[in-house]
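A short write-up of the structure that comes next.
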Amino acid sequence: MKKNTEVENVMEKIVSLAKRRGFIFQGSEIYGGLAGTYDFGPFGVTLKNNIKRLWWKRFVEEREDMYGIDAAILMNQNVWKASGHVAGFSDPLVECKKCKRRFRADHLEDKKKCPECGGELGPEKQFNMMFKTNVGAQEDEDSISYLRPETAQGMFVNYKNVLDSLHPKLPFGLAQIGKAFRNEIAPRDFVFRLRELEQMEIEYFVNPTIEAGKEGSWQSVFDHFRLQMHDFVEKDLGLAKTKVHELEIAPGDLAHYSKRTIDFEFDFPFGKKELYGLAYRTDFDLKQHSQASNVALDYFDEESKSRFTPHCIEPSFGVERTVLAVLTDAYQEEASEKEGEEPRVYLKFSPKVAPVKVAVFPLLKNKPILVEKAREVYATIKKELGAIGIYGVEFDDNGNIGKRYRRQDEIGTPFCITVDFETIEKDAGITIRYRDTATQERMSVSDLVKKLKENLAV
Ligand code: GAP
């Protein structure tokens with residue numbers, strides 16, 4: 001574990017780069033911000049979209065057993081009563097009697113003394129983390145609704161709709177990407193713990209009568225997703241394998257709905273913390289909703305002619321935590337050989353997640369002949385890559401070439417292409433510069449296109 005000041009230093013540099021280069025801004029910044037909210041800028045939203053696209057491709061498009069949905073964020077309040085969130089989605093809270101500041105009790109070492117002013121802390125209370133609102137003009141008990149604290153329930157309440165409309169056979173899953181809201185007592189660590197977040201979740205339904213060891217049993221499905229989650233992290237996101245750790249949650253610490261949970265932890269600069277979760281939710285949710293709504297949420301198995309409530313395996317991923325893992329894993333500083341010169345900073349993104357994949361420059365900005373040729377190369381690359389679904393090609397003629405390299409390094413662009421006088425005078429092709437080594441190579445435009453296609457294919 002790194003020293004506190006070192007951690008703060010790294011995080012400060014990453015937060016500053018994220019802002020300076022248009023990835024992530026403080027929410028409502030010009031008004032002094034709103035704690036626990038962040039806004040994603042042009043490169044941030046592209047990074048996020050690339051992550052979501054990779055997830056959707058792996059977990060929905062490439063499978064025959066997964067059905068995507070997009071449920072409403074506002075739901076009937078009875079959903080949250082049945083799911084257990086109204087009664088139990090809370091964190092322990094203590095308030096200082098002197099300064100009135102509030103803290104999460106389980107984050108405090110000394111539960112008697114205020115960490116801010118030293119005053120006496122009051123008794124521990126449960127604080128429900130759902131944002132409550134009223135739907136419609138009436139503000140009474142019946143109009144209460146909540147901003148969903150997880151996307152999961154949108155899938156349980158649509159189980160029957162998908163079954164009735166598409167008639168999938170077990171095992172099958174529902175998948176969803178969307179916003180969730182939690183009134184966290186202590187949002188912290190940049191985009192690690194937020195009040196407005198995005199989740200990518202799967203509720204995968206299985207036949208509970210299949211014995212362990214057989215295909216389709218909850219145990220085998222659990223193991224399947226466990227491996228898929230590792231593949232997503234390592235092969236799609238390109239995160240360092242050594243930074244991802246599994247944590248088996250002890251039976252006494254499991255959520256009320258879970259019989260088994262594994263947390264996927266990641267080595268963030270501020271410590272080893274939860275990145276994702278994989279839970280065996282049994283038939284808890286379908287049974288709760290069935291009882292509360294009086295609608296049968298079961299399954300008729302044609303083969304055995306039996307009716308039962310499916311059990312559920314839930315792989316759950318936070319989008320912003322993924323962004324943070326990707327950003328912190330990618331951040332690199334390379335000391336300069338020249339004395340007194342600032343280190344080279346670059347983001348070593350996997351090409352699959354990089355917001356800009358290729359940047360094209362004219363060597364000099366004020367030479368029309370170079371600009372024109374560079375524009376031509378840019379158009380060719382854009383067209384060729386666009387034809388195979390790869391976007392993120394940028395034309396850049398701002399400042400001098402050194403500044404352009406610095407900027408592209410800091411936004412994690414893997415390939416920079418320069419058009420110079422040799423390109424035109426000697427028909428010598430372009431130069432390609434590789435971000436991670438800062439080395440350059442000269443090649444023809446057709447070889448370049450081939451190389452980019454090989455290296456960028458998703
Ligand atoms: N449906 C299950 C569920 O929501 P969770 O462990 O509470 O389980 C799942 O959340 C994932 O959502 C976490 O592993 C994390 O990636 C993300 N997440 C949860 N709370 C978050 C928060 N306050 N800020 C950012 N991400 C969060």
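Along the sequence shown, the residues carry numbers beginning at 1. Just follow the structure's listing: the first ligand is 1, and inside any ligand the first atom is 1.
Pairing each heavy atom of Glu410 with each of Leu17, the nearest pair is O-CD2, 3.4 Å.
Neither the backbone nor the side chain of Glu320 comes within contact range of ligand 1; no heavy atom lies under 4.0 Å. When non-hydrogen atoms are compared, ligand 1 lies under 4.0 Å from the side chain of Arg321 (C-beta onward) but not from its backbone. Within the 4.0 Å heavy-atom criterion, the part of Leu275 lying near ligand 1 is the backbone and not the side chain. Heavy atoms of Leu194 found under 4.0 angstrom from ligand 1 belong to the backbone as well as the side chain. Under 4.0 angstrom from ligand 1, there are no non-hydrogen atoms of Arg195.
The shortest heavy-atom distance from Phe264 to ligand 1 is not under 4.0 Å. The closest approach between any non-hydrogen atom of Arg281 and ligand 1 is below 4.0 Å.
Residue, atom and distance of the protein heavy atom nearest to atom 25 (C) of ligand 1 are Phe192 O, 3.1 Å. Counting protein heavy atoms only, atom 17 (C) of ligand 1 is closest to Gly318 CA, 3.7 Å. Looking only at heavy atoms of the protein, atom 11 (C) of ligand 1 is closest to Ser316 OG, 3.8 Å. Protein heavy atom nearest atom 27 (C) of ligand 1, with residue, atom name and distance: Leu197 CD1, 3.5 Å. Ranking the protein heavy atoms by distance from atom 6 (O) of ligand 1 puts Glu274 OE2, 3.2 Å first.
Under the 6.0 Å distance and 45° angle rule, Arg281 counts as a cation-pi partner of Tyr257.
Ring centroid separation for the pair His311 and Phe284 does not come in under the 6.0 Å cut-off. For an aromatic pair to be called close, the ring centres must be under 6.0 Å apart, and Tyr38 with Phe25 fails this. With ring centers used as reference points, Tyr204 lies 6.0 Å or more from Phe172.
Atoms of ligand 1 lying under 4.0 Å from any heavy atom of Glu314, numbered from 1 in the order shown and given with element: 1 (N), 2 (C). For ligand 1, the atoms lying closer than 4.0 Å to a non-hydrogen atom of Tyr276 are 14 (O).
Distances from atom 23 (N) of ligand 1 to the heavy atoms of Glu184, Arg182, Gln153, Arg188 put Glu184 nearest. In this comparison of Glu265, Glu201, Arg193, the heavy atom closest to atom 3 (C) of ligand 1 sits on Glu201. For atom 10 (O) of ligand 1, the nearest non-hydrogen atom from the set Glu203, Met200, Gln199, Met155 comes from Gln199.
Taking a 6.0 Å sphere around CD of Glu61, one finds it holds more than 12 heavy atoms contributed by other residues, nucleotides or ligands. Heavy-atom contacts from other residues, nucleotides or ligands closer than 6.0 Å to CD of Glu248 number more than 12.
Annotation: the span from Arg63 atom CZ to Gln228 atom CD amounts to 6.0 Å, rounded to 0.5 Å.
Taking the six-membered ring where tryptophan is involved, the planes of Phe268 and Phe192 are perpendicular, since the angle between them exceeds 60° and thus also 30°.
Residues passing the salt bridge (Lys or Arg N to Asp or Glu O under 4.0 Å) test with Asp329 are Lys243, sequence neighbours excluded.
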